[in-house]
Visitor: 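Supplied in structure tokens, the structure appears directly below.
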Amino acid sequence: MSDDAFEAAYGRPAELAWHAPGRVNIIGEHTDYNDGFALPAALPLGVTAQVAARDDGVVQASSVQDDDAVTVPIEDLAPGSVQGWAGYVVGVIWAFREAGHHMPGLDIVVDGSVPIGSGLSSSAALECAVAGAVDDLFGLGSTPADLITVARRAENDYVGVPTGALDQSASVLCREAEALFIDFRSMDTRRVPLDLDGAGLRLLVIDTQARHQLADGEYAKRRAECARAAELLGVPMLRDIDDDELAGALERLTDPVLRRRARHIVTENARTLQTVQVLEGQGDPRAIGTLLLASHISLRDDFEVSCRELDLAVSTAMDTGAHGARMTGGGFGGSAIALVDDTDTDAVTDAVQGAFAEAQLTAPVIFAMQPARGAHRCDA
């Protein structure tokens, strides 16, 4: 983003800018709020936030993608008081204040390239870009963990979307040619090699254009079902059920819906650990393909968060030579990923586009990616 957008909005140059990426989750879906494991990687797409300080206690926010600008006194910010994209922006300011930081006022312009509603975490990219820029602008000295907490509070407590910390963690901590293994109980992380380019591979991201909305209640419903299953099994979280204990645990759950939810979480945690073991061991990412597909089947059948478009993208990619494919993100629409040989990128892309056309579905947006860099300061 050039400085022109900021000057056009506020008649002065920005003082600094931060960029934060969206994320694609390689594996480990809906495990974060179950104290489980996940393996995200950063996208080459993201959000850039330009900022400059004010001294009047007012925050002004505008977006290159949206004509609706927001001006609000910071002291008036309260959960839900600003709606839409700007809620994620001012929610970060609110979260910093809640953490005890003085906010003298600021102007913000955001510019994003992550498709909204694609399941690629445009909201976390927005929150983390703003959090990094605000921290830098006012010299707050936040650690990466602090930035993740502020961004998550903006989403959970200000906007009211009950997500876990996966998206913000990935946006802040990821690095190029690596995935990020996250243990959501301890919040320990470690970087796992994922040099797709060196292996002659690409990760196709297939934005199905089926727009999801996590705030519509389905996400919260799944979360409540997992909590109820854990309660009935007498464990703090479904993370506490090991894969070899699953059969006995399922026998104790009489509700078939709760059985399915528990089975997904337990097996998804096991698949995530296996994926990390493969990547840190033999190193060839092709070997994780069967785990990706098994994850999709579990999300489709046991967690019931897939949809027609996601299933079509996955099945078509597999039929055209992908090593593995799965839906990624919260589900109910959004995106799928497919691990393909570099030489098969065009063939898989054409096949998926053709399948959508034949099914008379909106054409998907497909791009090939390599794991990218996490949140960082960039030129204003």
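When reading the values below, keep in mind they use all heavy atoms of this one structure, side chains included, and skip hydrogens, waters and symmetry mates.
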Visitor: What do you reckon, is CZ of Arg308 surrounded by more than 12 foreign heavy atoms closer than 6.0 Å?
Guide: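 At most 12 heavy atoms, drawn from other residues, nucleotides or ligands, come within 6.0 Å of this atom.
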Visitor: Closest heavy-atom contact between Ala86 and Val70?
Guide: CB-CG2, 3.4 Å
Visitor: Working to the nearest 0.5 Å, report the span between CD of Gln353 and OG1 of Thr316.
Guide: 11.5 Å
Visitor: Any chance you could measure Thr349, atom OG1, to Asp344, atom CG, to the nearest 0.5 Å?
Guide: 10.0 Å
Visitor: Taking all atoms of both residues into account, what is the closest heavy-atom pair of Val314 and Ala336, and its distance?
Guide: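 Looks like CG2-CB, 4.1 Å.
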Visitor: Under 4.5 Å between any side-chain heavy atoms of Ile182 and Pro40, yes or no?
Guide: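 Sidechains of Pro40 and Ile182: in contact.
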Visitor: Taking side chain as C-beta onward, heavy atoms only, is Arg239 less than 4.5 Å from Asp183?
Guide: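 Yes - at least one pair of side-chain heavy atoms lies under 4.5 Å apart.
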Visitor: Taking Arg300 for its side chain and Asp311 for its backbone only, find out whether a donor-acceptor pair lies under 3.5 Å.
Guide: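 Side chain of Arg300 to backbone of Asp311, a donor-acceptor pair under 3.5 Å: no, none is there.
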Visitor: Tell me if a side-chain donor or acceptor on Arg373 pairs with a main-chain N or O of Ala42 at a distance below 3.5 Å.
Guide: no
Visitor: Let me see the working for Glu155 and Ser123 under side-chain hydrogen bond (donor to acceptor under 3.5 Å, both in side chains), right down to the final yes or no.
Guide: CA-CA 8 Å; Glu155 182 141 343; Ser123 60; 3.0 Å; yes
Visitor: Would a 4.5 Å heavy-atom cut-off, applied to side chains only, mark Asp197 and Arg202 as touching?
Guide: yes
Visitor: Give me the atom names and distance for the closest heavy-atom approach of Ser62 to Ala9.
Guide: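 Scanning both residues completely, I find the closest heavy atoms to be OG-CB, 3.8 Å.
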Visitor: Do Ile241 and Val235 come within less than 4.5 Å of each other through their side chains, counting heavy atoms only?
Guide: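 They are in contact (side-chain heavy atoms under 4.5 Å apart), so the answer is yes.
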Visitor: Evaluate side-chain hydrogen bond (donor to acceptor under 3.5 Å, both in side chains) for Asn269 paired with Thr272, printing each intermediate quantity in order.
Guide: CA-CA 5 Å; Asn269 278 326; Thr272 303; 5.3 Å; no
Visitor: Please identify which of these residues, Arg222, Arg263, Arg261, Arg260, meets the salt bridge (charged side-chain N to carboxylate O under 4.0 Å, His left out) condition with Asp302.
Guide: Arg263
Visitor: Walk me through it: do Val305 and Met327 pass the test side chain to side chain contact (heavy atoms under 4.5 Å, CB included)?
Guide: CA-CA 9 Å; Val305 293; Met327 60 154 280; 3.9 Å; yes
Visitor: Examine distances only and state if a side-chain atom of Gln360 and a backbone atom of Ala357 form a donor-acceptor pair shorter than 3.5 Å.
Guide: no
Visitor: Report yes or no: does Tyr158 contribute a side-chain atom to a donor-acceptor pair with the main-chain N or O of Val82 at less than 3.5 Å?
Guide: yes
Visitor: Check whether any side-chain heavy atom of Trp94 sits under 4.5 Å from a side-chain heavy atom of Asp157, and report yes or no.
Guide: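 Contact flag for Trp94/Asp157 side chains = yes.
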Visitor: Are Leu204 and Val365 co-members of a hydrophobic cluster defined by side-chain heavy atoms under 4.5 Å apart?
Guide: no
Visitor: Counting N and O atoms only, with roles assigned by atom type, does the side chain of Ser81 sit under 3.5 Å from a partner on the main chain of Leu77, one being a donor and the other an acceptor?
Guide: no
Visitor: Please determine whether residues Leu310 and Met318 belong to a single hydrophobic cluster, defined as Ile, Leu, Val, Met, Phe, Trp and Tyr linked transitively by side-chain heavy-atom distances below 4.5 Å.
Guide: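 Hydrophobic grouping puts Leu310 apart from Met318.
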Visitor: Might you point out which heavy atoms bring Val352 and Ala317 nearest each other, and give the distance in Å?
Guide: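 That closest heavy-atom pairing would be CG2-N, 4.2 Å.
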Visitor: Before giving the answer on side chain to side chain contact (heavy atoms under 4.5 Å, CB included), spell out for Leu232 and Arg252 the whole-Å C-alpha distance, their side-chain angles and the decisive distance to 0.1 Å.
Guide: CA-CA 8 Å; Leu232 291 171; Arg252 288 184 281 147; over 6 Å; no
Visitor: Take His30 and Leu299 through the test side chain to side chain contact (heavy atoms under 4.5 Å, CB included) and record every step on the way to the result.
Guide: CA-CA 9 Å; His30 289 273; Leu299 287 159; 4.2 Å; yes
Visitor: Got a donor-acceptor contact below 3.5 angstrom from the Asp242 side chain to the Asp244 backbone?
Guide: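 Between the backbone of Asp244 and the side chain of Asp242 there is no qualifying donor-acceptor contact (under 3.5 Å).
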Visitor: Which atom names give the shortest non-hydrogen contact between Glu15 and Leu137, and what distance separates them?
Guide: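 So the minimum-distance heavy-atom pair works out to OE1-CD1, 3.5 Å.
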Visitor: Hey, can you tell me if Phe96 and His101 have their rings parallel, tilted or perpendicular (30° and 60° cut-offs)?
Guide: perpendicular
Visitor: Taking Glu231 first and then Arg228, would you say they form a salt bridge - that is, a charged N and a carboxylate O separated by under 4.0 Å?
Guide: yes
Visitor: Would Val109 and Tyr10 count as a side chain to side chain contact (heavy atoms under 4.5 Å, CB included) here? Give the steps.
Guide: CA-CA 9 Å; Val109 172; Tyr10 304 118; 3.5 Å; yes
Visitor: If we ignore hydrogens and angles and just use 3.5 Å, is the side chain of Asp255 paired with the main-chain N or O of Val257 as donor and acceptor?
Guide: yes
Visitor: Can you give me the closest heavy-atom contact between Leu312 and Phe356, atom names plus distance?
Guide: CD2-CD1, 3.7 Å
Visitor: Regarding His264 and Asp301, is there a side-chain donor-to-acceptor distance under 3.5 Å anywhere?
Guide: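 His264 vs Asp301: no donor-acceptor pair found between side chains.
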Visitor: In Å, rounded to the nearest 0.5 Å, how long is the span from CG of Leu258 to CG of Leu250?
Guide: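 Answer rounded to 0.5 Å: 11.0 Å.
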Visitor: Considering only heavy atoms from C-beta outward, does the side chain of Glu268 approach that of Glu29 to under 4.5 Å?
Guide: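 In short, these two side chains touch, coming nearer than 4.5 Å.
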Visitor: Quickly, which of Val276, Leu293, Ile26, Leu39 forms a side chain to side chain contact (heavy atoms under 4.5 Å, CB included) with Ile288? Name it, please.
Guide: Ile26
Visitor: Pick one: which of Arg152, Arg153, Glu127 meets side-chain hydrogen bond (donor to acceptor under 3.5 Å, both in side chains) with Gln168?
Guide: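 With Gln168 as partner, Arg152, Arg153, Glu127 yield a single side-chain hydrogen bond (donor to acceptor under 3.5 Å, both in side chains), made by Glu127.
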Visitor: So, are Arg12 and Asp107 salt-bridged, with charged N and O less than 4.0 Å apart?
Guide: yes
Visitor: Among the clusters formed by ILVMFWY side chains lying less than 4.5 Å apart, do Val114 and Ile366 turn up in the same one?
Guide: no
Visitor: What distance do Leu203 atom CG and Leu194 atom CG have between them, rounded to the nearest 0.5 Å?
Guide: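 Going from the CG atom of Leu203 to the CG atom of Leu194 covers 7.5 Å.
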Visitor: Could you check whether Ser295 and Arg271, counting side-chain N and O atoms only, form a donor-acceptor pair closer than 3.5 Å?
Guide: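 There is no such pair (donor and acceptor under 3.5 Å, judged by atom type) between the side chains of Arg271 and Ser295.
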Visitor: Can you check whether Ala17's main-chain N or O pairs, donor with acceptor, with His19's side chain at less than 3.5 Å?
Guide: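 Checking the backbone N and O of Ala17 against the side chain of His19, no donor-acceptor pair under 3.5 Å is found.
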Visitor: Are any non-hydrogen side-chain atoms of Val51 and Trp18 less than 4.5 angstrom apart?
Guide: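 No, every pair of side-chain atoms sits at 4.5 Å or beyond.
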Visitor: Tell me whether the rings of Phe37 and Phe181 are parallel (<30°), tilted (30 to 60°) or perpendicular (>60°).
Guide: parallel
Visitor: With a 3.5 Å distance limit and no angle check, can you tell me whether Ser171 reaches the backbone of Asp167 through a side-chain donor-acceptor pair?
Guide: no
Visitor: Has the side chain of Ser113 got a donor or acceptor atom that lies under 3.5 Å from a matching backbone atom of Gly46?
Guide: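 Confirmed, Ser113 side chain pairs with Gly46 backbone.
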Visitor: Atom CZ of Phe367 and atom OG1 of Thr345: how far apart are they, to the nearest 0.5 Å?
Guide: 13.0 Å
Visitor: With a 4.5 Å cut-off on side-chain heavy-atom distances among I, L, V, M, F, W and Y, is there a chain of contacts connecting Leu140 to Val59?
Guide: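 As far as the 4.5 Å side-chain criterion goes, Val59 and Leu140 are connected within one cluster.
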Visitor: Mind checking whether Val340 and Leu201 sit in one hydrophobic cluster, side chains of I, L, V, M, F, W, Y counted as touching below 4.5 Å?
Guide: no
Visitor: Can you tell me if Gln277 has over 12 outside heavy atoms packed within less than 6.0 Å of its CD?
Guide: no
Visitor: What I'd like to find out is whether the side chain of Leu166 reaches to under 4.5 Å of the side chain of Ser121, using heavy atoms alone.
Guide: no
Visitor: As an exercise, state the distance from CG of Leu279 to CD of Glu178, rounded to the nearest 0.5 Å.
Guide: 11.5 Å
